[in-house]
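In what follows, a structure is listed as structure tokens, so that the remarks can point back to it.
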Amino acid sequence: MKHVRLIALDMDGTLLMSDHRTLPQRNIEAIRRADAAGIHVCIATGRMLEDASYFIHRYDLPCAIIAANGARASDGALPGGKILYRCSLTPEDAHTAIDLMLASGMMINGFEDGLVSTVQDETRRVYHLVQRGLIDVRYGEAALRAAADRGLMKLFAVGRGSDIGDTPDARIAPLRKALMHALPHLQITSSASGNIEVMPAQAGKGAALEWLAVHFGLTGEEVMAMGDAQNDVSMLQYAAHSVAMGNATLEVRAVCRHETLSNDECGVAAMIDRVLAAKEV
């Protein structure tokens, strides 16, 4: 863990506690200590840039952001942060994915900057960022198709069992298989057992983290990444110092060099403390 200059942190299941809302004070203080030691810290999440920005402002964190699983990267929280990197699905790819997702009957969210277009499922759920007033919403297939024509950063199908540890929705596996068969060039992943995320080919947390490292004048040998789920694998493979949370999936553990405590035990803070204790940061 010598010479770490950039630390990338997944949010759900890593930085946040298992309620997906609480950021422990110990993690906050560790991030601030890392920043004071000259280490860049980046939140790397499947969430939208607006959502990650909300947490950064709420806790006054000195963090860059990788959002939408690598479809966006900024040097800080909106509105002051500058978007450094962005990519979008082509309309053709987006419409193909939408066709397959609609057939599944699950809720579908299509993301643009500041906007989500939603086709709801039978539960009539409302996307949480809309409830919190962080983004605008448009409903129905026509709205989703129009967004696809403009350029979506991510498509997100969500079924039952959306939290890690839940029993997977039976619709997930066949939808994943169909998407990977029809769109093998895209980034298709999950952040929990009850969802599927579809991003542009040039997205992915790993690609965005590499881009951000170059922006800071760093190499992968100077990067640490921490995560717990499938959508973290690409950044864990890129970072020389890869860390699996104590609650990580077997897939994540298999690609990591190190392991820390679980998210509920403040594993992020524990690992940052190890880096700072190395005295070669």
Side-chain angles (χ1 to χ4, degrees), residues 45-53 65-74 78 83-159 162 169 171-192 194-208 211 230-231 234:
T45 179
R47 298 189 186 206
M48 290 184 72
L49 191 53
E50 291 82 0
D51 199 4
S53 294
I65 303 172
I66 292 171
N69 283 331
R72 295 289 186 273
S74 70
L78 299 178
I83 296 179
L84 304 171
Y85 177 81
R86 68 174 72 221
C87 56
S88 300
L89 292 163
T90 66
E92 294 78 13
D93 285 343
H95 284 296
T96 297
I98 289 169
D99 289 339
L100 295 169
M101 288 178 166
L102 285 172
S104 75
M106 287 186 282
M107 180 180 181
I108 308 169
N109 293 318
F111 297 101
E112 302 170 81
D113 291 316
L115 177 65
V116 60
S117 298
T118 294
V119 178
Q120 296 174 311
D121 62 2
E122 68 278 1
T123 67
R124 307 297 292 174
R125 287 173 289 184
V126 177
Y127 189 58
H128 70 95
L129 293 192
V130 175
Q131 292 177 318
R132 291 156 59 192
L134 296 178
I135 61 173
D136 294 326
V137 62
R138 296 174 184 170
Y139 291 103
E141 181 180 349
L144 184 60
R145 297 287 187 181
D149 289 335
R150 291 190 297 268
L152 291 166
M153 72 175 84
K154 183 175 80 167
L155 279 161
F156 183 69
V158 57
S162 298
D169 191 308
R171 297 170 293 182
I172 293 291
L175 177 56
R176 178 191 298 278
K177 182 177 180 180
L179 287 166
M180 295 184 73
H181 176 76
L183 301 163
H185 55 290
L186 297 186
Q187 299 283 335
I188 300 170
T189 187
S190 298
S191 57
N195 66 52
I196 296 179
E197 307 183 41
V198 178
M199 289 83 60
Q202 63 271 42
K205 291 186 181 182
W211 194 96
Q230 185 187 46
N231 66 333
S234 64

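Note that the structure is a prediction, hence the values are computed from the model and not measured.
- Here the straight-line distance linking atom CD1 of I172 with atom OG of S104 works out to 7.5 Å at 0.5 Å rounding.
- At distances below 3.5 Å, not a single donor-acceptor pair connects side-chain atoms of S74 with backbone N or O atoms of I83.
- Under the 4.5 Å side-chain criterion, counting only non-hydrogen atoms from C-beta, E141 is in contact with L102.
- Within the model, atoms CZ of F111 and CG of L152 stand 9.5 Å from one another, a figure rounded to the nearest 0.5 Å.
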Exercise. Determine, step by step, whether C87 and M153 satisfy the side chain to side chain contact (heavy atoms under 4.5 Å, CB included) criterion, reporting the C-alpha distance in whole Å, the side-chain angles of both residues, the deciding distance to 0.1 Å, and the verdict.
Key: CA-CA 6 Å; C87 56; M153 72 175 84; over 6 Å; no

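- Smallest separation of non-hydrogen atoms from G204 and S234: C-OG, 4.1 Å.
- Counting only heavy atoms from C-beta outward, the side chains of M106 and M101 never approach each other to under 4.5 Å.
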Quiz prompt | D99 and R145: CA distance, side-chain angles, deciding distance, salt bridge (charged side-chain N to carboxylate O under 4.0 Å, His left out) verdict | solution = CA-CA 10 Å; D99 289 339; R145 297 287 187 181; 2.6 Å; yes

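- Counting only heavy atoms from C-beta outward, the side chains of L144 and R138 never approach each other to under 4.5 Å.
- Taking CG of L186 as the start and CD of E197 as the end, the distance is 13.5 Å to the nearest 0.5 Å.
- What you find for S88 and R72 is that their closest heavy atoms are OG-NH2, 4.1 Å.
- Between the side chain of E50 and the main chain of G114, a donor-acceptor pair closer than 3.5 Å is present.
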Show me the side-chain donor-acceptor pairs of residues 174-184 shorter than 3.5 Å, one per line, residues at least two apart or across chains.
unit_1: R176; atom_1: NH2; unit_2: S190; atom_2: OG; d: 2.4

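- The shortest heavy-atom contact between N69 and G46 is OD1-CA, 3.2 Å.
- For N109 and T118, the side-chain atoms include at least one donor-acceptor pair closer than 3.5 Å.
- In this model, a donor atom of one side chain and an acceptor atom of the other lie less than 3.5 Å apart for T189 and Q230.
- Here the side chain of K154 pairs no donor or acceptor atom with the backbone of A67 at under 3.5 angstrom.
- If you take CG on D113 and CG on D136, they are separated by 12.0 Å, rounding to the nearest 0.5 Å.
- Rounded to the nearest 0.5 Å, atoms CG (L78) and CD1 (I65) are 6.5 Å apart.
- Residues E112 and I135 form no side-chain contact, since every pair of their non-hydrogen atoms from C-beta on lies 4.5 Å or further apart.
- Taking 4.5 Å as the limit, every side-chain heavy atom of F156 sits out of range of all side-chain heavy atoms of I108.
- The shortest non-hydrogen separation linking A97 to L155 is CB-CD1, 3.7 Å.
- Side-chain contact check for K205 versus N231: some heavy-atom pair is nearer than 4.5 Å.
- In this structure A208 satisfies the side-chain contact (heavy atoms from CB on, under 4.5 Å) test together with I66, sequence neighbours excluded.
- Taking the side-chain contact (heavy atoms from CB on, under 4.5 Å) definition, one finds that R47 meets it with M11, D12, L16, H20, T45, D51, F55, H128, R132, sequence neighbours left out.
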